[in-house]
Amino acid sequence: MDNFASVGKMLDRSLQERNRLFPVREERNDAEVKEALSEFVSLINEMRQQESFVPDPVHTEKAESVIERPVFLCGAMKSGTTLLLELLDGHPELIVLPGDSFVWGRLTKENPPSRKLLQADWDRWLKRMVNPTGQAPFWVFGTKVHPYFEFTQYLQYWYEQFPETWRSSELSVLLSFYCANPSRSSAPRMWVEKTPGNEFNLEVLLENFPDARFIHIVRDPRENLASLKKLYQTRSWRWDPLEVADRIAGSCRLADEYLKKLGQERYHLLTYEQLTERPAATMRELAEFIGIEWYNALLKPTVNSVPAHANSMYEDRQSTGVVRKMTGKKYHSVLTKQEQRIALGTLQDAKKVGYLWEKTLSDSAMLVFSNGWNRMKKIVFSNVR
């Protein structure tokens, strides 16, 4: 246990530094976090070889009862998916996986998955239980070692109960999270998963979980693009506003298509603006859609019931455990004129989900330019290919 204490202190120190730096990622701190997490995982895996484990039949029975009742959250990155997940987190009838799972995008790449890949994925999830979102709160199961050990043992147990598929991998993580969680619900009824862009994999989700329900959050594409620009800049990612705007528009388009296809009983659409300006009314509608009782916890963003810090790219919107109202339009000061023209190119798809922008003469000119630019880019790229 001395090794765990030493690694735990080093890991906690580097994680608190990461939280202080948010949303910026520093190379030195990143390296420290990765090294400490890897050491922690190694110690847990050593512990697995030395200690016996017997699954708790009460926990496994309750976990198994929710397998076919998932709720998938959909929406573009920085559209409010994290806030939505964290508002659902504290409800006693839900098992809410922390952070983004990133499972379903890989279903078409390797199916069934290899044992080696699954072990790497399980190690990734163990790290996620320590560092779920890249900022506080950390240590999802608390600071004691045993729940993390149990989590890895349950992963092995649950995976052996199912065929070798990515669905099995997702379920193994979900059910292990529940069984090992000291804060587990005593009467779970369904589970919630979130990965930005789930809507682009929705047919695969339906194939694996035919009775699933979906909640799709959209955001004014101009504000969505501005927030993503700030994220890309702080992480030094390659910034292509046309590519990013196209994905935002695609998310809006799919929201409209799947709402018509699945109907309001299976597919619920809401906006980031509704959620932040009228959280109580919006969450009550959401609770009714899912079929869960109202709890005030639905108004408090948490990670495994611990107050969560907003992952907003704007300092005036960063808070802990509360929903902050929107304050004015941010995109004017973040997006260049050309980027604003690109954002206007999403207008037709934005209208499908309720965004009715009032265009000025300047906006109309921008829109004409944007449509022409997008057509030209498609022609150029098609010729290159």
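- Using a 3.5 Å distance cut-off with no hydrogens or angles, the side chains of E170 and S172 do not pair a donor with an acceptor.
- At least one donor-acceptor pair under 3.5 Å links the side chain of S168 to the backbone N or O of P163.
- Listed for the Q340 side chain is a donor-acceptor partner under 3.5 Å among the backbone atoms of L335.
- There is no side-chain donor-acceptor pair under 3.5 Å between W139 and N131.
- Here F141 and F151 bring their ring centres to under 6.0 angstrom of each other.
- A donor-acceptor distance shorter than 3.5 angstrom exists from the side chain of N224 to the backbone of M77, with no hydrogens or angles considered.
- L87 and V306 end up in different hydrophobic clusters when Ile, Leu, Val, Met, Phe, Trp and Tyr side chains are linked at under 4.5 Å.
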Q: Check the pair R167 / E207 against side-chain contact (heavy atoms from CB on, under 4.5 Å), numbers first and verdict last.
A: CA-CA 10 Å; R167 170 187 151 100; E207 182 182 337; over 6 Å; no

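- Judged by distance alone, the side chain of T152 and the main-chain N or O of F149 form a donor-acceptor pair under 3.5 Å.
- Using a 3.5 Å distance cut-off with no hydrogens or angles, the side chains of R18 and Q135 do not pair a donor with an acceptor.
- Checking side-chain atoms of H91 against main-chain N and O of E293 turns up a donor-acceptor pair under 3.5 Å.
- Pairing each heavy atom of C74 with each of F214, the nearest pair is SG-CD2, 4.2 Å.
- Here the side chains of E68 and F209 are in contact, with some heavy-atom distance below 4.5 Å.
- Between A63 and L175, the shortest heavy-atom contact is O-CD2, 3.3 Å.
- Judged by distance alone, the side chain of R247 and the main-chain N or O of L242 form no donor-acceptor pair under 3.5 Å.
- The main-chain N or O of K62 is found under 3.5 Å from a side-chain atom of S65 such that the two form a donor-acceptor pair.
- Considering only heavy atoms from C-beta on, V7 comes within 4.5 Å of L43 through its side chain.
- Linking ILVMFWY side-chain heavy atoms closer than 4.5 Å, directly or via other members, places V145 and L155 in a single hydrophobic cluster.
- For the pair R28 and E32, the salt-bridge criterion is met [side-chain N within less than 4.0 Å of a carboxylate O].
- Under the 3.5 Å distance criterion, the side-chain polar atoms of T282 are left unmatched by any main-chain donor or acceptor of P279.
- Linking Ile, Leu, Val, Met, Phe, Trp and Tyr residues whenever their side-chain heavy atoms come within less than 4.5 Å leaves F22 and V24 in two separate clusters.
- Taking CH2 of W158 as the reference point, atom CG of L171 lies at 9.5 Å (rounded to 0.5 Å).
- Taking both residues in full, the closest heavy atoms of A245 and I342 are given as CB-CG2, 3.6 Å, listed atom of the first, atom of the second, then distance.
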(Q) Please determine whether side-chain contact (heavy atoms from CB on, under 4.5 Å) holds for the pair E51 and H146, giving the CA-CA distance in whole Å, both sets of side-chain angles, and the decisive distance to 0.1 Å. (A) CA-CA 11 Å; E51 295 195 23; H146 203 69; 4.3 Å; yes

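- When each of F177, F4, F40, Y154 is paired with Y148, the ring pair (Phe, Tyr, Trp, His ring centres under 6.0 Å) condition holds for F40 and for no other.
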Q: Take S176 and L174 through the test side-chain contact (heavy atoms from CB on, under 4.5 Å) and record every step on the way to the result.
A: CA-CA 6 Å; S176 300; L174 166 81; over 6 Å; no

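- D349 places no side-chain N or O within donor-acceptor distance of the main-chain N or O of R253, the cut-off being under 3.5 Å.
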Q: Please lay out, stage by stage, how K127 and D123 fare under the test salt bridge (charged side-chain N to carboxylate O under 4.0 Å, His left out).
A: CA-CA 6 Å; K127 294 174 183 178; D123 287 351; over 6 Å; no

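- One distance of note links CG of L83 with OG1 of T276; it measures 8.0 Å at 0.5 Å rounding.
- Defined by atom type and a distance below 3.5 Å, a donor-acceptor pair is present between the side-chain atoms of S101 and T195.
- There is a side-chain donor-acceptor pair under 3.5 Å between H216 and Y267.
- Salt-bridge annotation for E39 and K34: absent, with no side-chain N of the basic residue lying under 4.0 Å from a carboxylate O of the acidic one.
- When side chains are defined from C-beta on, L88 counts as touching L298, because their heavy atoms get closer than 4.5 Å.
- The closest donor-acceptor contact from the side chain of E223 to the backbone of R219 lies at 3.5 Å or more, if one exists at all.
- Within the model, atoms CD1 of I44 and CE of M129 stand 13.0 Å from one another, a figure rounded to the nearest 0.5 Å.
- Here the closest non-hydrogen pair linking R128 and G99 is NH1-C, 3.9 Å.
- In this structure, the side chains of I248 and L228 come closer than 4.5 Å at one or more pairs of heavy atoms.
- To the nearest 0.5 Å, the span separating CD on E199 from CG on L73 amounts to 10.5 Å.
- Using a 3.5 Å distance cut-off with no hydrogens or angles, the side chains of E86 and T302 do not pair a donor with an acceptor.
- Nearest approach of S305 to G90, heavy atoms of both residues: OG-CA, 4.4 Å.
- Side-chain atoms of D100 and P196, non-hydrogen and from C-beta on, do get closer than 4.5 Å to each other.
- H309 and T133 form no side-chain donor-acceptor contact under 3.5 Å, judged by distance and modelled atom types alone.
- Note that CE of M47 is 12.0 Å distant from CG of N3, once rounded to the nearest 0.5 Å.
- Proximity of F162 to I67: side-chain heavy atoms (C-beta onward) are separated by under 4.5 Å at one or more points.
- Residues P221 and C252 come closest through the heavy atom pair CG-SG, 4.4 Å.
- Considering only heavy atoms from C-beta on, F138 comes within 4.5 Å of N19 through its side chain.
- One finds a salt bridge joining K261 and E203 here, because a Lys/Arg side-chain nitrogen approaches an Asp/Glu carboxylate oxygen to under 4.0 Å.
- By the 6.0 Å and 45° rule, R266 does not stack over the aromatic ring of F289.
- Side-chain contact between V323 and L299 is absent, with no heavy-atom pair separated by less than 4.5 Å.
- Transitive grouping of hydrophobic side chains (ILVMFWY, heavy atoms separated by less than 4.5 Å) brings V192 and W294 into a common cluster.
- In this structure, Y178 and H59 have perpendicular ring planes: the angle between them is above 60°, well past the 30° mark.
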Q: Show the numbers, then the answer: is there a side-chain contact (heavy atoms from CB on, under 4.5 Å) between T234 and R25?
A: CA-CA 7 Å; T234 60; R25 288 284 173 84; over 6 Å; no

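- In this structure, Y258 is a member of the same hydrophobic cluster as F200, with clusters built from ILVMFWY side-chain heavy atoms closer than 4.5 Å.
- Using modelled atom types, one finds a donor on one side chain and an acceptor on the other under 3.5 Å when comparing T82 with K194.
- The CG atom of D220 sits 10.5 Å away from atom CG of L225, with the distance rounded to the nearest 0.5 Å.
- Within the cation-pi definition used here (under 6.0 Å to the ring centroid, within 45° of the axis), R69 does not qualify as a partner of W191.
- Using modelled atom types, one finds a donor on one side chain and an acceptor on the other under 3.5 Å when comparing N304 with N181.
- Judged by distance alone, the side chains of Q50 and E46 never bring a donor and an acceptor atom under 3.5 Å apart.
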